[in-house]
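All residue numbers in this chain count up from 1 along the given sequence. Computed from a prediction, not measured in an experiment: that's the story for all the values here.
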Amino acid sequence: FYAHHPHLSDGKQLHHSKRTSSSEIEIMPTENTTDTNLCSSANGAHILFATDEWFAAAENLLNPYPPTFVPDLYCEQGKVMDGWETRRKRMAGHDWCIIQLGSSGDVDCSTKEAAAYFLNSILVDTAYFTGNQAPRISIEAIKLERPYGSSNNDYFFNWMPGAVSRIVRGGGIRGTGETESSIQAASDACKKLGQWITVLPTTPLKPGYEESRHHFFTISNEISELLQEMGGVTHLKLNYFPDGGVARLKVFGKKLPIIADSSSQDIIMPITNPSTGPNIHPHSSTSPSNQLPSSLPYPHPEISSDVRGGIHPHSSTSPSNQLPSSLPYPHPEISSDVRGGVGIACSNKHYGVPSNLLRPTLGKDMGDGWETARHPNRPLIVRKDPVTGLQETPLMDWSTLKLGLGGASEEGISRIIVDTRHFKGNFPESVRIDGCCANPAFVTDDEVCASADTVYDSSHVSKVEWFPLLNRVALTADAEHEFLRENGLIENGRRAVTHIRVSIFPDGGQAGCGSMPLLQWEMAEAIYEPFWNYGWDDDKTVKGII
């Protein structure tokens, strides 16, 4: 299995019990039986650059073997997928990769010239990418000419920064993504080559179910004539709009001779390590855990002063019992399912249900959290608001949770913890949390759920009043995000709450951590009965953890 899928195994421990696979598609899309799959690694095709390879390396696109799926196979980054899958786009732009085409014998022995290729058809396979496929793609092509005076074919590779290093080490590395500066350098290198032609315009892709996974395209007559005039092409640029996954890319065509009469510039640059961002404090063997925010004494740990609150990364070098959610606290966890917390509704549960957020135990992987499918209608290119720094998007998913022990009384909520444990490449870009106080004598859970779907609709009239608890705020990967009322980070912190709505933008996943699940709500005094029993004006307080 791993001999055929080298990019699924990188020395990290994986856990699985069984696998399923599709049969190989032996397809010759045109009547020309001499057509070759020019995007097959078996025929010498290479990936020269990819913007992001968090879940799976781009080399999988070129794998000549059938896509494979192991239902319970997870790695440190999340679900293992056999294809090229990027993380959910949280920075501006879109994902793309560069493919050097190949065929058996890609150098003309008489001229020692590298070959160029004529394209006839394209097959895109989204096998097993059922909620995380790239919603739209396009493909561009260019012919790279031999620089004047060059005596070898190194120019085929070294025009792209980092390509040589990538090929030497055997391809991309799962769990990595290029920095903005590296992506800009690669984009500049592409522009230096000249005009790329579009061989496949922006096209929607369907989910990778058996009946919808195959997408076949024939090169138009207009593009075919242009390819003939160019003398063929040597490289492709596959664009994801904006992110997602594809299992296999097959481009069928034939080899043409290449004429070398132009110039280009050799650029050799090693691939840089991904950046984690200025507001994240990663664990390291060179940085003792007692210097990290999550390891400082409770109840008043040192936190960041920015509006995101304190960020406490998860790490194997930092014991979970030093995270805020796992430190001793005198009040009960009222959102936990053991105290009556219930997940009662959500907009999407493709990869997990909201009730997972209420488990009192640690989640072993992403499968133990609530994760939604990627929005199929997400924008082609992600843009950010220059003022807030948040994505400009109307898209979001939500879940409604009912607090246990009757909810929190008028004393309100003093602390909220949002946890993205295990979600490293598919965490929500941002989150907003709203609450309501619904007396069960007058309002049913069904009515609460119905009103939760219209929280942001000011024209909707409902007897359930929703109010903000946590305004929309950016999240980061695999970390606990702590928000304290005393620091002014919680809105309406003195109001009673029975239900909450968690809104994630634009999609993503959240999971439990330590002995506490997704969100932590804390009060000054604990009681173990619904506060309805004490009347609306009672001054007793409730602490809740969700």
query: For the side chain to side chain contact (heavy atoms under 4.5 Å, CB included) test, which of Leu238, Leu205, Val251 pairs with Val124?
result: Leu205
query: Does the side chain of Gln184 come under 3.5 Å of the side chain of Asp188 through a donor N or O and an acceptor N or O?
result: yes
- request: Evaluate the side-chain proximity of Asp52 to Glu178: yes if any heavy-atom separation is below 4.5 Å, no if none is.
  value: no
Contact check, side chains of Ser138 and Pro201, non-hydrogen atoms, under 4.5 Å: no
- request: Could you tell me which non-hydrogen atom of Ile99 sits nearest to which non-hydrogen atom of Cys39, and how far apart they are?
  value: CG2-SG, 4.1 Å
- request: State, to 0.1 Å, how close Ile47 and Cys97 come at their nearest heavy-atom pair, and which atoms those are.
  value: CD1-SG, 4.4 Å
Within-4.5 Å side-chain heavy-atom neighbours: Ile173 and Glu53: no
- request: Check whether any side-chain heavy atom of Ile381 sits under 4.5 Å from a side-chain heavy atom of Pro242, and report yes or no.
  value: no
- request: Can you measure from CD (Gln100) to CH2 (Trp159) and round to the nearest 0.5 angstrom?
  value: 10.0 Å
message: Quick test of your reading of the model: are Lys250 and Asp125 salt-bridged, counting only N-O distances below 4.0 Å?
response: no
field: Electrostatic pair Arg174:Glu59 at N-O distance under 4.0 angstrom
entry: no
- request: Quick one: closest heavy-atom pair of Leu380 and His94, and the distance?
  value: O-CB, 3.5 Å
- request: State whether the number of non-hydrogen atoms from other residues, nucleotides or ligands found under 6.0 Å of Lys206 atom NZ is greater than 12.
  value: no
query: At what distance, to the nearest 0.5 angstrom, does CG of Leu249 lie from CD1 of Ile137?
result: 7.0 Å
message: Distance check, rounded to the nearest 0.5 Å: His214 atom NE2 versus Phe216 atom CZ?
response: 12.5 Å
- prompt: Which heavy atom of Met81 sits nearest a heavy atom of Ala56, and at what distance?
  reply: O-CB, 3.3 Å
- request: Check the angle between the aromatic planes of Phe49 and Trp96 and answer parallel, tilted or perpendicular using the 30° and 60° thresholds.
  value: tilted
- request: Check whether any side-chain N or O of Thr86 sits under 3.5 Å from a backbone N or O of Asp243 as a donor-acceptor pair, and report yes or no.
  value: no
Neighbour count >12 (heavy atoms, 6.0 Å) for atom CD, Glu211: yes
message: Within the 4.5 Å heavy-atom criterion, are Gln391 and Arg383 side-chain neighbours or not?
response: no
task: Give a yes or no on this: more than 12 heavy atoms of other residues, nucleotides or ligands lie within 6.0 Å of atom CD of Glu392.
output: yes
- request: Would you mind reporting whether Asn120 and Thr218 have side-chain heavy atoms less than 4.5 Å apart?
  value: no
- request: To the nearest 0.5 angstrom, please state how far the OG atom of Ser121 sits from the CD1 atom of Ile219.
  value: 7.5 Å
field: Ring centres under 6.0 angstrom apart (His235, Trp196)
entry: no
task: Using modelled atom types only, decide if a donor and an acceptor are shared between the side chain of Thr36 and the backbone of Leu38 within a distance under 3.5 Å.
output: no
task: May I ask you to check whether Phe55 and Trp84 place their ring centres under 6.0 Å from each other?
output: no
- prompt: Do Arg472's NZ or CZ and the ring of Phe505 fall within the cation-pi criteria of under 6.0 Å and 45°?
  reply: yes
field: Face-on cation placement of Lys255 at Tyr117 ring, 6.0 Å and 45° thresholds
entry: no
- prompt: Can you check whether Val199 reaches Glu140 side chain to side chain, under 4.5 Å on heavy atoms?
  reply: no
- line: Taking every heavy atom of Leu48 against every heavy atom of Phe156, the minimum-distance pair comes out as CD1-O, 3.8 Å
query: So, does Arg90 use its side chain to make a donor-acceptor pair with the main chain of Ser430 at under 3.5 Å?
result: no
message: Please report the interatomic distance CG(Leu236) to CG(Leu119), rounded to the nearest 0.5 Å.
response: 6.0 Å
- prompt: If you measure from the Lys or Arg side-chain nitrogens to the Asp or Glu carboxylate oxygens, is any gap between Asp478 and Arg421 under 4.0 Å?
  reply: no
message: Within this structure, what is the CD1-SG distance for the pair Ile98 and Cys190, rounded to the nearest 0.5 Å?
response: 3.5 Å
statement: Shortest non-hydrogen pair, Pro506 vs Thr393, comes out as CB-OG1, 4.2 Å
- prompt: Is the backbone of Ala116 close enough, under 3.5 Å, to the side chain of Thr234 for a donor and an acceptor to pair up by distance?
  reply: no
task: Find out whether Ile197 and Ile142 are in side-chain contact, i.e. whether some heavy atom of one side chain is under 4.5 Å from a heavy atom of the other.
output: no
- request: Going by the side-chain hydrogen bond (donor to acceptor under 3.5 Å, both in side chains) test, name the single residue among Arg88, Arg87, Glu371 that passes it with Asn426.
  value: Glu371
